[in-house]
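To start, the structure under review is shown below, and the notes come after it.
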Amino acid sequence: MFSGQDGDEGPAEIRPTEIKAALRFWWRALAWGRGVRTAQALKEQEDALFGAAADEGRNGAGGRGQGAFLLRVRSDRVRGIDPGTSLPMLFTQKAGPRQPTAEAVAGAQYAGYGLIATGKNPTTMRPGIHVGNTFDVILLPRPTLTTARRAELLQAVRLFGLLGGIGGRVRRGFGSVTLRKLIVDGRPTDGPADIDDYIAAVQELMPTANTSGEPDWTAFFGTSSGMGTLCGITPDVCASPLSVIDAFGRHLKGYRKALGAGVPQKIALGLPQHHNGSSELSTLEAGNKQGRRASPVMLHVHRLSDGYVGVVTVFPGRFLPDDARIAVFPSGGSPQIQSHGRLRASDAIDILGGPALPASARGPIIIEDQDMIFAGQVTDA
């Protein structure tokens, strides 16, 4: 986990602001399934629960800033990772002859771009936190926390502990967290210990009714034809979380290379992107400023009783604003402007290597039918 103060200086730490931001994300991801249909309604409900800047207010009119709960983080002494630490050593957590070679960790190096130095000697570039650290998130309700909002908050907490994480490159698996225990009103519930329990825990939070349209934000949704959000678990259990990330990184790297400058599949790996020959793919925003967009393809590494598994989620839907364009900059040529505002579910299936495709057309992460946690399909309302 590469989390902490701004910049690359450190020290690495687990901050309440990061936890709250992650809870916001997963709360929004579940909002479509609760019946929220507009960005305005989403913002009003989010502000009421999590709070907003004092000059915004519930409807942009000012006068309110506090959320409906307080959040505190309690952790034991954090075992940190110093900048310059060898990436191969992090696979085994100790120095010695059994460390994997740099080539053997190339997938994790690719997935950790920006956190891990490139080249033949991959080392960490920022302070981090070792695998195995634990922390408690304590939520204290304010009088404004209604019963319904309390239930929504607990759902977000559970999903954060099942699919989420914090820190740099979190969408590539770094900084993944595992829910070990949830205590509500003094009653503890253990997190899932095996794959079956894990799948059941995630499925319990997924939408169950079909709705028309697609969300304009990153959210779980399903349709009767199965063209909604996809979430699947890799069948292999690994001894190290970095082994999961390494396999994911290798698959993505090969997929990206095979696509070349392909659109829209390639934009789902995030923007901007660099291609062979120094071409670049990036968003074109107002004033011709190049923008960034996080990938809607997300990896989570989850710890179970017998090891670590990878969980891949792909969020179809609106990828860029309607007035945004994607510019492909060929080497030595003029930019080619293309419009791809939405990542369609068919593209998402291709990325995930979904069960709807023949084996010859599968994408980078092979998820079989039995390993799909949520296949983007629900019954008609």
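Predicted model, so just to flag it, every value in this text is computed and none were measured. Every heavy atom of this structure was used, including side-chain atoms; hydrogens, water molecules and symmetry mates were not.
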request  = Is it possible for you to say whether L154 and V73 belong to one hydrophobic cluster, with membership spreading through side-chain heavy-atom contacts below 4.5 Å?
outcome  = yes

task = Go through I166 and F160 one step at a time and tell me if the side-chain contact (heavy atoms from CB on, under 4.5 Å) criterion holds.
result = CA-CA 10 Å; I166 58 174; F160 167 62; 4.1 Å; yes

message = Between T124 and L87, is there a side-chain heavy-atom distance shorter than 4.5 Å?
response = no

task = Heavy atoms only: give me the nearest P122-Q109 pair and the separation to one decimal.
result = CB-NE2, 3.5 Å

inquiry  = Using 0.5 Å steps for rounding, measure from the CG atom of L49 to the OG1 atom of T144.
reply    = 9.0 Å

side-chain contact (heavy atoms from CB on, under 4.5 Å) between T134 and K181, intermediate numbers included = CA-CA 11 Å; T134 61; K181 189 181 296 290; over 6 Å; no

ask   = Rounded to the nearest 0.5 Å, what separation is found between the OG1 atom of T38 and the NZ atom of K43?
value = 12.5 Å

key: Min side-chain heavy-atom separation K20-F69 under 4.5 Å   = yes

Same apolar cluster: L70 and I14, side chain cutoff 4.5 Å = no

ask   = If you look at every heavy atom in A156 and L30, which pair is closest and at what distance?
value = N-CD1, 4.3 Å

request  = Please name the pair of heavy atoms, one in P207 and one in G33, separated by the smallest distance, quoted to 0.1 Å.
outcome  = CB-CA, 4.1 Å

query = Nearest 0.5 Å, what's the CG-OG1 distance between L115 and T123?
reply = 11.5 Å

key: Q155: side-chain hydrogen bond (donor to acceptor under 3.5 Å, both in side chains) partners, not counting sequence neighbours   = none

key: Spacing of OG belonging to S176 relative to CD1 belonging to I245, to within rounding of 0.5 Å   = 6.0 Å

key: pair T313-H300: side-chain heavy atoms closer than 4.5 Å   = no

task = Indicate yes or no: at least one non-hydrogen side-chain atom of R34 is less than 4.5 angstrom from one of W27.
result = yes

ask   = Hey, is the main chain of T178 close enough, under 3.5 Å, to the side chain of R303 for a donor-acceptor pair?
value = no

request  = Check whether any side-chain heavy atom of F248 lies under 4.5 Å from a side-chain heavy atom of V301, and answer yes or no.
outcome  = no

task = Side-chain contact test, heavy atoms from C-beta onward, threshold under 4.5 Å: evaluate it for I373 versus Q203 and give yes or no.
result = yes

message = Please determine whether residues F135 and V157 belong to a single hydrophobic cluster, defined as Ile, Leu, Val, Met, Phe, Trp and Tyr linked transitively by side-chain heavy-atom distances below 4.5 Å.
response = yes

ask   = Would S295 and R172 satisfy side-chain contact (heavy atoms from CB on, under 4.5 Å), going step by step from the backbone distance to the final call?
value = CA-CA 9 Å; S295 171; R172 294 294 175 261; 3.4 Å; yes

remark   = Of all heavy-atom pairs linking C231 and V311, the shortest is SG-CG1, 3.7 Å

query = Do V170 and F25 belong to the same hydrophobic cluster, where Ile, Leu, Val, Met, Phe, Trp and Tyr are linked whenever their side-chain heavy atoms lie under 4.5 Å apart, directly or via other members?
reply = no

Residue list, side-chain hydrogen bond (donor to acceptor under 3.5 Å, both in side chains) with R149, at least two apart or on another chain = E152

ask   = Hey, what do you get for CZ (R72) to CG (D136), rounding to the nearest 0.5 Å?
value = 13.5 Å

ask   = When you measure from the side chain of D194 to the backbone N and O of D196, does any donor-acceptor pair fall under 3.5 Å?
value = yes

message = Under 6.0 Å from the ring centre and within 45 degrees of the ring axis: does the NZ or CZ of R158 meet both conditions for the six-membered ring of W26?
response = no

ask   = With a 4.5 Å heavy-atom cut-off, do Y308 and L242 have their side chains touching?
value = no

request  = For residues A193 and L304, report the shortest heavy-atom separation together with the two atoms involved.
outcome  = O-CB, 3.4 Å

key: L145 to A68 - nearest heavy-atom pair and separation   = CB-O, 3.4 Å

request  = Before giving the answer on side-chain contact (heavy atoms from CB on, under 4.5 Å), spell out for L71 and L23 the whole-Å C-alpha distance, their side-chain angles and the decisive distance to 0.1 Å.
outcome  = CA-CA 11 Å; L71 187 151; L23 292 180; 3.7 Å; yes

query = In Å, rounded to the nearest 0.5 Å, how long is the span from CZ of F374 to CE of M206?
reply = 7.0 Å

ask   = Checking ring-ring contact (aromatic ring centres under 6.0 Å, His included) against F315, which of F221, W32, F220 comes through?
value = F220

query = Is there a side-chain contact between P192 and L162 (heavy atoms, below 4.5 Å)?
reply = yes

